[in-house]
Amino acid sequence: MRHMAQIRNIVVLTGAGISAESGLRTFRAADGLWEDHRVEDVATPEAFRRDPDLVQRFYDERRENILAARPNPAHEALARLDREWSGDLLIVTQNIDDLHERAGASRVLHMHGEGLSAWCTACDARQRWTGILRDEPPCPACGARALRPDIVWFGEMPYRMDDIFAALSRADLFVSIGTSGAVYPAAGFVQEAKSHGARALELNLERSQGSQWFDETRLGPASDLVPRWVEEVLGGAS
Ligand code: APR
């Protein structure tokens, strides 16, 4: 097991919990998104074929919420780490919001896609999108009315898995923030990192489904735990 002084390469995995204090609903809490919507109705390719208007409305509303949200101290602390950490750092987020980037982080990878991006299924172009899609606007690149949310739905392959596994294989420290560990492949990253000798830390409001795999679990709100952890890492680094 590597100690703080030996930590050079860090992989941080974030989930909906890191954006909860920015007013964005999580998925599996009592007031979570999956309480009001069936995954099968709004988050699968089959659902989109069956009822595209229902799916577009779901993501149009999420896009509005993302635009209205602001980064919180947890996002800001990770952006500080990104600025000041001289070793490798990759923030792998399951979130489709852009709060990491709006806080100033750049070493961010959206494995489940981005809410502020539209993907044309006719010409494969992707572009920043802040408006609605339910009115089937033409693709700015090819003119086809074939835009869908640039989101990885259940049953689809997450983005840039090779880059993620390469970073996990080099990681000295794996940190999971605000995720329930309910969804694979993200839920398996802790074991992957540990199989390469990394130390694993969990920062979450409650124990996740994969807590047993972590060397340490700290419970509490991300806006409190993450700034303190980043201070520790950067303090330990100087
Ligand atoms: N601070 C820290 N953790 C929090 C906070 C908070 N303020 N609020 C909630 N949490 C924790 C919860 O305890 C829970 O463990 O965040 C986790 C959120 O879990 P989920 O709602 O399951 O969200 P997530 O793990 O990101 O879901 C994974 O599932 O639905 C799909 O594609 C979707 O990316 C998503 C994936």
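Order of listing sets the numbers, starting from 1, for every ligand and every atom in it. Because the structure is predicted, anything quoted here is derived from the model rather than measured.
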(request) Determine, for E231 against R80, whether the closest basic-nitrogen to carboxylate-oxygen distance falls under 4.0 angstrom. (result)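 Yes.
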
(request) Decide, yes or no, whether a salt bridge links R102 with D97 under the criterion of side-chain N to carboxylate O below 4.0 Å. (result)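 Salt bridge: no.
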
(request) Measure the OG1-CD distance between T179 and Q209 for me, rounded to the nearest 0.5 Å. (result)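 These two atoms lie 9.0 Å from each other.
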
(request) Would you give the length of the straight line joining atom CZ of R128 to atom CG of D98, rounded to the nearest 0.5 angstrom? (result)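 That separation rounds to 6.0 Å.
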
(request) Write down, by chain and number, every protein residue that brings a non-hydrogen atom to less than 4.0 Å from an atom of ligand 1. (result)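 Within the 4.0 Å shell of ligand 1, which is judged on heavy atoms, sit G15, A16, G17, A20, E21, T26, F27, R28, W34, Q94, H112, F154, G178, T179, S180, V183, N204, L205, E206, G220, P221, A222.
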
(request) Please test D124 against W119 for side-chain contact (heavy atoms from CB on, under 4.5 Å), starting from the C-alpha separation and ending with a verdict. (result) CA-CA 6 Å; D124 203 31; W119 176 22; 2.7 Å; yes

(request) Could you go through the side-chain contact (heavy atoms from CB on, under 4.5 Å) check for Q56 and E136 one step at a time? (result) CA-CA 9 Å; Q56 296 284 29; E136 298 182 56; 5.8 Å; no

